[in-house]
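Given the structure is predicted, the values throughout are model-derived calculations rather than measurements.
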Amino acid sequence: MDLDDHPDGVIIAGADGIVEYVNPRIKIMARAEGDEMLGMHLSDAVPFDDLNGNSWYDCTRPYDGLNTRTRISEASWWSPRGSEYLITASLVRARRGGPVQRVLVSVRNARIRNQADRERSDLVATVAHELRSPLTGIKGFTSTLLTKWDKFSEEQRQFMLETVDADADRLSRLITELLDAARIDAGRLTLRRGPVRLEEVVGHVLTSVSGGATEPFQISITEDLDLIWGDSDRIHQVVTNLVENAMRHGFGLREVVVENAKDATLGDGVSLQVLDKGPGIPLEMRQRVFSRFWRSGPGAGSGLGMYIVRGIVEEHGGTIEIDDADGGGALIRVWFPINEPASMSD
């Protein structure tokens with residue numbers, strides 16, 4: 001690879017510590033003009049410190065120290081202007097244990113890493129907040145019952161225990177969602193594939209949640225739907241989440257459509273469309289719906305539901321998209337490929 005095209009800043013110094021090469025990227029970082037960095041001593045070309053006045057060169061001593069060293073580990077250092085950079089170096093020796101002939105220094109901006117660190121901190125804070133809420137209720141009611149059992153009537157005890165049970169269920173669901181999200185992040189979401197009839201999954205979900213619907217909704221399922229191969233439990237999770245979202249956050253479920261559908265690129269499959277009665281989802285927000293911890297409106301859950309839904313759908317090789325429904329409201333369309341095993345089609 002030509003170091004001129006390297007995305008990180010690169011400085012190469014010879015056995016005497018004099019800079020012999022700098023790539024265009026490091027010139028931009030250093031705001032250097034022309035070849036002014038060439039001929040500098042490495043200690044001047046890498047003027048970074050640890051915020052305590054200790055310079056990178058003096059701390060790492062690239063030409064001294066153990067004669068078996070071949071690399072200086074990446075670490076954070078700060079420029080004279082106060083920007084943080086990640087610096088690592090390779091020590092080139094003509095022979096093992098011999099003197100250093102060249103030092104190759106790599107410099108990269110730490111902004112992306114810092115952003116990732118902030119996201120991890122935000123994740124920990126969000127998870128802690130979400131876990132604390134049901135735990136507070138469980139702890140409060142159980143502690144009260146243990147210390148003041150005789151002061152409550154049978155109906156009051158029953159109410160407290162039901163509340164504890166509901167909070168425990170909520171806590172269990174949250175932990176399950178966090179584990180699913182972690183598996184998706186790590187690319188370790190596993191599927192137990194088998195034949196699935198999407199119309200049966202949809203029918204089961206609608207039967208389970210129809211008691212929570214305040215107004216009737218339409219169901220349109222075409223006959224002779226193709227059999228798809230996937231994880232029945234995961235597909236059930238997808239359908240349940242989409243239907244419950246429409247009922248809770250979409251001002252009510254309006255219609256559910258299941259039909260065979262062919263993707264121009266991916267081939268034959270089955271699509272599920274869930275339409276709600278809400279105001280719809282603005283175009284600029286549609287991708288953010290699938291991000292972790294995205295919430296909208298009062299009564300929002302953990303914010304992981306749609307993130308997990310997309311992860312499950314994509315693991316099946318399917319697609320999910322948000323559109324405007326005819327007559328208003330949001331339309332969420334999920335498409336699953338048939339995914340028939342090769343052994344079944346032979």
With heavy-atom distances below 4.5 Å as the criterion, would you say the side chains of [X] and [Y] are in contact?
{"X": "Tyr21", "Y": "Asp4", "answer": "yes"}
{"X": "Arg31", "Y": "Arg81", "answer": "yes"}
{"X": "Glu259", "Y": "Gln273", "answer": "yes"}
{"X": "Leu198", "Y": "Asp226", "answer": "no"}

Do you see a donor-acceptor pair shorter than 3.5 Å between the side chains of Asp8 and Tyr85?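 Short answer, no.
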Tell me yes or no: between the side chains of Glu154 and Gln158, is some donor less than 3.5 Å from an acceptor?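 No donor-acceptor contact under 3.5 Å links the two side chains.
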Answer yes when [X] and [Y] have at least one side-chain N-carboxylate O distance shorter than 4.0 Å, and no when they do not.
{"X": "Asp64", "Y": "Arg69", "value": "no"}
{"X": "Asp180", "Y": "Arg234", "value": "yes"}
{"X": "Asp268", "Y": "Lys262", "value": "yes"}

Strictly distance-based, threshold 3.5 Å: is any side-chain N or O of [X] a donor or acceptor partner for the main-chain N or O of [Y]?
{"X": "Ser83", "Y": "Ser79", "value": "no"}
{"X": "Ser90", "Y": "Arg71", "value": "no"}
{"X": "Ser143", "Y": "Gly140", "value": "no"}
{"X": "Asn260", "Y": "Asp224", "value": "yes"}

What verdict does the salt bridge (Lys or Arg N to Asp or Glu O under 4.0 Å) test give for Asp324 and Arg286, after you've listed the backbone C-alpha separation in whole Å, the side-chain angles of each residue and the deciding distance to 0.1 Å? CA-CA 11 Å; Asp324 292 321; Arg286 290 176 186 175; 2.7 Å; yes
Just checking Arg157: does its CZ atom have more than 12 heavy atoms from other residues, nucleotides or ligands closer to it than 6.0 angstrom?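 Counting neighbours around CZ of Arg157, more than 12 heavy atoms of other residues, nucleotides or ligands fall under 6.0 Å, so yes.
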Indicate the ring-plane relationship of Phe336 and His316, choosing parallel, tilted or perpendicular according to the 30° and 60° boundaries.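 Plane angle over 60°, so perpendicular.
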